[in-house]
Protein chains: 2
Amino acid sequence: MPQMKGIRQLAKHLDISIGTVSRALNGRPDVNEETRKRVLAAAEELGYVANQSGRSLRQGTTNVIGLMIESSKETVENSDNFFLGVTGGLQSVLSRHKLDLLMLPCPNDEDPHEYLKRMVARRIVDAMIISATQRVDKRIDLLVKAKIPFVALGRSTSGGNHTWIDLDFEGVAACAVDRLVSKGHRRIAIAAPSNDINLGYIFVDAYRQSLERHGITYDPSLVIRVKSSEQGGYQAGHELLRLDSKPTAIILIYELMAIGLYRRLNEAGIVPGRDLAVIGFREEPRGKFLQPSLTCFRMSLRDLGVELAETLLATMPAYAEHYPKGARNTIWPLELAPGESDAFSLST
Amino acid sequence: MPQMKGIRQLAKHLDISIGTVSRALNGRPDVNEETRKRVLAAAEELGYVANQSGRSLRQGTTNVIGLMIESSKETVENSDNFFLGVTGGLQSVLSRHKLDLLMLPCPNDEDPHEYLKRMVARRIVDAMIISATQRVDKRIDLLVKAKIPFVALGRSTSGGNHTWIDLDFEGVAACAVDRLVSKGHRRIAIAAPSNDINLGYIFVDAYRQSLERHGITYDPSLVIRVKSSEQGGYQAGHELLRLDSKPTAIILIYELMAIGLYRRLNEAGIVPGRDLAVIGFREEPRGKFLQPSLTCFRMSLRDLGVELAETLLATMPAYAEHYPKGARNTIWPLELAPGESDAFSLST
DNA sequence: ACGCTTTCCGGAAACGTTTTAGTATGGCAG
DNA sequence: CTGCCATACTAAAACGTTTCCGGAAAGCGT
């Protein structure tokens, strides 16, 4: 049996109808257990696997979950192992339901909305996970209209109340501010991304609220808008040094900024952790490689992937029974990973 | 026109046959230019995109290229932005041919060979790029037998002479050894991965040959087999310190090892670049974040992606005409990125 | 007017699968 | 013996598209 042409060949080889073969393979009830065994054995022997095109054409389903990611220069530099780490957790859940994960990398010269539209129209996935959602994100309306179950990684105001999971920026900002204030700092700067990413707004808002909770008035001049890169960090250090009334602490939203900041501080003879308290955001993959080590926040990418998968399955009618999630929106916590960079204290 | 059910609706709306609509959309010659314009306009207006299942069922092609990656813990920690970086280059080429890229992440509890078999049987991709090839890799035989065009990222001895691209480990090893020898070093250690990955063997072989070219006899005790992780690097530092006749330089195959090595050296009061010369392998994303900065090697991930895509297209009959590549195997060069960690010199 | 080619389009088959409807068989109660 | 249900199967329709084949209309040289 060199060539497996399809289910027809398999049926002929077994001398039964193709309908029965199909039902046997798909675990349908109305097939003799004896027959099923024979079919399964023959399929295994001949290496038959159902053609996905024919299958999904007929039943309108693909058993594939899509994870849309962007490969822009900035994403590559800042997300790093993020997606790879998350996929581990995703798959550990999805594989239990015989679902496969496909990563859809949006070309960086193409509009993410157009890309997603094309992928959706192709009907290659049953459900989607989209990441890096913007404050207003057309992709969400698209998915809602196309009636494709999805979860957004990152909150958004688009498309009514869709399901999303986001990192606990408020918690992180509050924890960082609390920690710095408890060390006596009053003038705390923050380096935020200058682009339109949602994270920037939320983080700075939370930073502001945390300050005010401590009775510290929010000073807009301490919010330094720079690129989310090493250069941005350098620039942030530069801006910081030019302020009339210098802050004694700074919070960085991207840990990549830290390297640039350290460099600029070094040029000025300022030592992080001794002359200025520095707290970063995400640990991986570079936070702990700096000298002095960066105080920052940590989370389990794998666990986040598990949560994402379970949330997604809860939105898919065919699987929802196993995952009766109440909450449609989840705030994912991060844990403080203390380092040396915020050792500088004003308390006596 | 709320619901687009398919080409049939579109044809009815235009009052022409579905055959003509299909030919118009696919750019076939035998259709009036006037008609084609009308069809295109209507398709755009109604948001019609051909259902991929029906399409690929009929013509046995999907216009999708698969990139198989592994999301094992080790891959996540060491590959980092590697795949995301490469996809940028891949897509810049593929999109010119209206090909889409799909990343197939193999669950880390599943045998890569079984996973690939399933994906291939599904006929969801027209061609494949596989990565992290082993010395003997069953996936290659599988793809050859299934007659699926593919390129392996990493050389292998399986499956006759298939097409592959690999990093220039020989060049890197030679460059590192030459550089260290020129600074007077004679006892040069190497920290290599303890698992079966191809890279380990090739790299150490090249290291050995480079040494012998300089008339230095290869000393197996200087080859330290450790895990490709921070802990591995720490372990390597430990082993190094226990050697009777201590090396004056060390080459690290994974830059992630450097952080652990630095830590162990620091405990022993040894400063990299002053008391011991250290050279790492890949720069991104952590090499330059260390203090003192790590001398290591650098490459353009995007360019590598472009090369991969062009090589793959050359193996696909439908596209080969545009990419008449001669060489089926490519060694991808890396460039030295000097840092401070190998400043230690024995020359007078 | 005729035959020929070219241009354009409609009809229908085909891709591989799942699923619906229908059928033969046998058991069992009436 | 008849009617009825359960079981296990077959036959055929359906999914949406592309492509082969044939044919109508038009152009053109004779």
Side-chain angles (χ1 to χ4, degrees), chain A residues 3-40 42-43 46-64 98 118 120-126 146 318, chain B residues 3-40 42-43 46-64 98 118 120-126 146 318:
Chain A
Q3 296 292 56
M4 265 322 294
K5 294 291 285 186
I7 199 173
R8 223 175 303 263
Q9 295 271 337
L10 186 55
K12 197 184 293 180
H13 177 252
L14 286 165
D15 202 34
I16 22 181
S17 76
I18 59 176
T20 304
V21 174
S22 174
R23 286 198 312 278
L25 291 173
N26 291 19
R28 288 306 164 94
D30 54 346
V31 49
N32 191 319
E33 217 37 58
E34 180 61 30
T35 311
R36 187 191 310 279
K37 262 187 222 149
R38 278 183 47 216
V39 172
L40 252 37
L46 301 187
Y48 168 78
V49 178
N51 177 308
Q52 185 65 27
S53 297
R55 177 170 242 235
S56 57
L57 176 58
R58 172 62 225 228
Q59 56 181 15
T61 200
T62 63
N63 288 344
V64 168
K98 298 208 178 300
R118 199 169 73 235
V120 164
R122 282 189 156 181
R123 310 228 152 263
I124 213 174
V125 298
D126 289 348
Chain B
Q3 296 294 55
M4 264 324 292
K5 295 291 285 184
I7 199 174
R8 221 175 303 263
Q9 295 271 336
L10 186 56
K12 197 183 294 179
H13 178 252
L14 286 165
D15 201 33
I16 31 181
S17 77
I18 59 176
T20 303
V21 173
S22 174
R23 285 198 308 274
L25 290 174
N26 291 21
R28 288 306 164 95
D30 55 347
V31 49
N32 191 320
E33 217 38 58
E34 179 64 29
T35 311
R36 187 194 307 280
K37 263 188 222 150
R38 278 182 50 216
V39 171
L40 252 36
L46 301 185
Y48 168 78
V49 178
N51 177 308
Q52 185 64 30
S53 298
R55 179 170 240 236
S56 56
L57 176 58
R58 171 61 222 227
Q59 54 182 16
T61 199
T62 64
N63 287 344
V64 168
K98 298 208 178 300
R118 199 169 75 233
V120 163
R122 283 189 155 180
R123 310 226 152 265
I124 212 174
V125 297
D126 288 348

Qualifying salt bridge (charged side-chain N to carboxylate O under 4.0 Å, His left out) pairs, either residue in residues 19-34 of chain A, two or more places apart: Arg23(A)-Asp30(A), Glu33(A)-Arg36(A)

Which residues share a side-chain contact (heavy atoms from CB on, under 4.5 Å) with Ala146(A), sequence neighbours left out: Val120(A), Ile148(A)

For Asp126(B), all residues meeting side-chain hydrogen bond (donor to acceptor under 3.5 Å, both in side chains), sequence neighbours excluded: Thr61(B), Thr62(B)

Check nucleotides 13-17 of chain D against the protein and report each pair of N or O atoms closer than 3.5 Å, with its distance, or say if there are none.
from    : atom 1 : to       : atom 2 : distance (Å)
dA14(D) : N3     : Arg58(A) : NH1    : 3.2
dC15(D) : O2     : Arg58(A) : N      : 3.3
dG16(D) : N2     : Gly54(B) : O      : 3.1
dT17(D) : OP1    : Tyr48(B) : OH     : 2.6
dT17(D) : OP1    : Asn51(B) : N      : 3.2
dT17(D) : OP2    : Ile7(B)  : N      : 2.4
dT17(D) : O5'    : Tyr48(B) : OH     : 3.3

Length of the line joining Asp15(A):CG and dT10(D):C1', which is rounded to integer Å: 12 Å

Between dC9(D) (C1') and Leu25(A) (CG): distance, integer Å: 15 Å

Asn63(A) side chain near Arg55(A) side chain, heavy-atom distance below 4.5 Å: yes

Partner set under side-chain hydrogen bond (donor to acceptor under 3.5 Å, both in side chains) for Ser22(B), not counting sequence neighbours: none

side-chain contact (heavy atoms from CB on, under 4.5 Å) involving Arg118(B) - partner list, sequence neighbours excluded: Asp100(A), Glu110(B), Tyr115(B)

Terminal axis angle for the helix from dA1(C)-dT30(D) to dG30(C)-dC1(D), five pairs an end, nearest 10 degrees: 60°

Qualifying salt bridge (charged side-chain N to carboxylate O under 4.0 Å, His left out) pairs, either residue in residues 9-20 of chain B, two or more places apart: none

Restricting to nitrogen or oxygen on both sides, can you table the protein-nucleotides 7-9 of chain C pairs closer than 3.5 Å?
from   : atom 1 : to       : atom 2 : distance (Å)
dC9(C) : OP1    : Thr35(B) : OG1    : 2.5
dC9(C) : OP2    : Asn32(B) : N      : 2.9

Partners passing side-chain contact (heavy atoms from CB on, under 4.5 Å) against Ser53(A) (at least two apart in sequence or in another chain): Asn51(A), Ser56(B), Leu57(B)

Residues that Ile16(B) engages under side-chain contact (heavy atoms from CB on, under 4.5 Å), provided they are two or more places apart: Leu14(B), Val21(B), Thr35(B), Val39(B)

Contact check, side chains of Val64(A) and Gln52(A), non-hydrogen atoms, under 4.5 Å: no

